[in-house]
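The block underneath contains the structure these notes are about, expressed in structure tokens.
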Amino acid sequence: MGVNKKDERMPEERVPGEAKEMLKSLASKWEDVTDANALQVIPLKGAMTNEVFQIKWPTKIGELSRKVVVRIYGVGVEVFFDRDNEIHTFEFMSKQGYGPRLLGRFSKGRIEEFIHARTLSAHDLRDPEISVLIAAKMREFHVLDMPGEKIVYLWDRLRNWLKVAKDMCSPDEAKAFRLNDIDEEITLLEKNLSVDQRIGFCHNDLQYGNIMIDEETKAITIIDYEYASYNPVAFDLANHFCEMTADYHSDTPHVVDYTKYPGLEERQRFVQAYLISSADKPGDKEVEQFLNDVEKFTLGSHLFWGLWGIISEHVNKIDFDYLEYSRQRFEQYWLRKPTLLGSSEGSTTANAAGAPTSAATTTTAAASADPPTAATTTTTTAVTADGATDGGRKEEQGKESSPSEKAAAAAAAAQEEERTDSPKAGEDGEDDKDPNGRGKQQQQQGVFRRFKRYLGFTNVFKRHSHSHSHSKSIDHIPPQEQQDASSAPAPADNAAAVSGKPT
């Protein structure tokens with residue numbers, strides 16, 4: 001796995017001259033800027049596709065400063081998306097009042113508006129109040145009338161990525177990840193998940209680093225549209241749920257912890273908030289059907305990011321254990337497929353390297369309504385000689401659980417207790433409005449009020465043993481660094497993320 005070569009140049013030297021001239025021209029039009037040439041360049045950490053810088057100038061108003069964001073496009077990531085399409089999407093979103101405004105373009109990047117808001121953390125995704133706001137904003141995003149064909153892109157993208165992954169992989173890698181089986185799996189998913197699906201403009205990467213919140217207005221802003229396209233909206237929700245298992249700012253950012261996957265009550269709460277944001281009260285059957293669709297599309301999410309990780313290993317030099325991340329996503333695919341598709345073909349599951357193991361393991365894991373956690377995976381593989389699992393609790397005679405197994409089991413038990421004792425959603429909330437002041441506050445207030453009324457307030461490729469310090473999330477400011485990135489005293493300036501997406 002590659003590791004970034006440290007760029008020894010000063011930040012000012014890393015911004016192209018073409019961009020500097022545009023920045024100076026831009027600043028010269030602002031009356032409050034004292035000197036357009038006195039720009040300060042601050043690198044923003046956490047980017048994994050592009051180089052991102054905050055640019056600021058001193059102003060005549062005390063310690064306040066004018067700020068913008070400069071994004072310099074990464075090299076080698078065009079395999080994942082079409083840069084021209086991404087730019088067109090960004091421009092359209094900017095004109096419609098979503099996300100940061102586009103202030104200028106140069107040959108290798110662009111200049112964006114600085115958003116005075118805070119990037120969410122992994123913990124924020126589990127906050128009931130914030131989650132309701134995310135659901136409503138996601139619904140708003142999905143109904144955008146984007147130019148171009150309104151067709152599903154998911155299946156063709158998966159097939160294209162599979163072809164690239166096969167071309168890049170060694171034979172051993174391809175065998176370990178069962179890449180020769182994936183084309184059939186994509187076809188199976190497309191056949192099973194293409195009936196009566198709501199199609200909308202999806203973000204396709206709604207992890208916490210791509211969501212911002214204004215602390216005062218509680219306005220949610222979705223950023224970074226590199227993977228955005230028309231797709232079944234259930235896929236977007238499924239991917240968001242899967243992202244709740246990740247913390248890209250931990251000591252092991254590549255590790256996904258499926259004990260953190262949202263429980264049924266939490267998923268129901270999110271889906272109800274999503275559906276009710278359309279102003280129509282959803283019926284129980286509608287909620288149940290949509291929940292089932294979302295759960296099935298988690299399989300698509302696992303294939304999506306599993307293939308992404310394999311390709312990233314070969315095109316990206318960021319210090320991130322892409323292959324281990326992929327292994328975990330493929331493992332979840334094989335574990336969950338029998339339960340979610342009710343398929344007898346799923347009698348095999350994946351071992352640590354993605355290879356098939358015993359049917360008894362799958363059968364036990366499939367008995368749960370929620371994805372098997374790390375603890376579930378560990379205990380269900382302890383199959384006795386006659387194939388009995390005793391509910392996944394028996395272990396081989398004389399074998400003592402390892403510390404990691406005990407920790408995983410404890411985590412699962414803690415999560416179950418938390419689900420049982422968790423408070424009901426909708427007990428309190430804040431009003432939301434469009435972050436750019438375009439008059440959406442009343443709409444968001446109504447969404448939240450309706451939601452409260454409705455609920456009734458109710459390893460074969462793991463190459464490093466050291467900790468990886470970078471996140472899958474890219475192009476955003478980690479929450480703990482947001483204060484350092486801004487010198488302005490205003491409370492809103494303690495967050496400056498403008499984009500965040502993994503590539």
Side-chain angles (χ1 to χ4, degrees), residues 98-99 115-142 203 205-224 236-250 257 260-277 294 415 418-419 421-436 440-441 443-455 457-458 471 473 476-480 482 491-492 494-501:
Y98 292 91
I115 295 182
H116 297 276
R118 175 177 69 83
T119 306
L120 296 189
S121 66
H123 176 74
D124 287 324
L125 295 187
R126 316 310 292 267
D127 184 313
E129 293 179 12
I130 294 178
S131 186
V132 167
L133 298 176
I134 293 172
K137 180 59 70 170
M138 187 182 289
R139 177 63 179 245
E140 186 180 316
F141 194 96
H142 287 164
H203 185 276
D205 184 23
L206 209 59
Q207 46 102 344
Y208 65 84
N210 291 333
I211 309 171
M212 303 180 71
I213 186 169
D214 185 309
E215 297 284 24
E216 295 183 357
T217 66
K218 301 303 178 184
I220 293 291
T221 302
I222 294 175
I223 59 175
D224 198 338
D236 223 10
L237 272 73
N239 191 71
H240 182 65
F241 290 164
C242 289
E243 289 294 348
M244 292 183 183
T245 68
D247 185 348
Y248 302 118
H249 290 92
S250 69
D257 180 1
K260 296 180 179 178
Y261 189 83
L264 179 59
E265 181 181 347
E266 188 173 358
R267 300 196 305 271
Q268 286 175 330
R269 186 169 62 230
F270 191 95
V271 165
Q272 287 165 337
Y274 176 89
L275 293 175
I276 204 170
S277 63
V294 169
Q415 187 201 23
E418 179 181 353
R419 287 177 182 170
D421 297 334
S422 60
K424 298 294 185 292
E427 294 181 353
D428 194 8
E430 298 289 345
D431 296 333
D432 188 14
K433 68 177 182 180
D434 185 271
N436 295 311
K440 293 193 175 73
Q441 184 175 15
Q443 176 186 355
Q444 295 298 332
Q445 288 174 330
V447 166
F448 198 79
R449 284 196 299 270
R450 290 195 303 274
F451 179 63
K452 289 198 292 185
R453 287 198 301 269
Y454 177 72
L455 288 185
F457 293 98
T458 81
S471 73
S473 147
H476 75 285
I477 305 177
Q480 66 271 22
Q482 292 170 347
N494 68 350
V498 184
S499 182
K501 132 186 300 276

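Since we're looking at a predicted model, the values are computed, not measured. FYI, side chains are in, hydrogens and waters are out, and symmetry mates aren't considered; it's all heavy atoms of this structure.
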Give, for atom [atom1] of [X] and atom [atom2] of [Y], the distance between the pair rounded to the nearest 0.5 Å.
X	Y	atom1	atom2	answer
Thr245	Asp257	OG1	CG	7.5 Å
Asp247	His123	CG	NE2	11.5 Å
His116	Glu215	NE2	CD	14.5 Å
Asp214	Ile115	CG	CD1	10.0 Å
Leu120	Gln207	CG	CD	10.0 Å
Ser121	Asp127	OG	CG	9.0 Å

* Asked: Who are the salt bridge (charged side-chain N to carboxylate O under 4.0 Å, His left out) partners of Asp124, not counting sequence neighbours?
  ->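 Once residues adjacent in sequence are excluded, the partners of Asp124 under the salt bridge (charged side-chain N to carboxylate O under 4.0 Å, His left out) criterion are Arg118.
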* Asked: Would you say Ile134 and His240 make side-chain contact, with heavy atoms under 4.5 Å?
  ->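 In contact.
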* Do Arg269 and Pro128 come close enough that some side-chain heavy atom pair is under 4.5 Å? -> yes
* **Check: Tyr208/His249 side-chain N/O donor and acceptor closer than 3.5 Å** => yes
Looking at every heavy atom in both [X] and [Y], which two are closest together, and how far apart are they?
X	Y	result
Leu206	Asn239	N-ND2, 3.8 Å
Ala135	Ala273	CB-CB, 3.8 Å
Thr221	Gly99	CG2-CA, 3.7 Å
Ile223	Gly209	CD1-O, 4.0 Å
Phe270	Ser131	CD1-OG, 3.1 Å

* Verify side chain to side chain donor-acceptor pair (under 3.5 Å) between Glu243 and Tyr248, making sure each step is shown before the conclusion. => CA-CA 10 Å; Glu243 289 294 348; Tyr248 302 118; 2.7 Å; yes
* Structure fact -> In Glu266, Met244, Arg267, the residue satisfying side-chain contact (heavy atoms from CB on, under 4.5 Å) with Tyr261 is Arg267
* Under the side chain to side chain contact (heavy atoms under 4.5 Å, CB included) criterion, do Asp224 and Asp205 qualify, and how do the steps go? -> CA-CA 9 Å; Asp224 198 338; Asp205 184 23; 5.7 Å; no
* Asked: Do the side chain of His203 and the main chain of His142 share a donor and acceptor less than 3.5 angstrom apart?
  ->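 Not at all, since once roles are kept as given, no pair shorter than 3.5 Å links the two residues.
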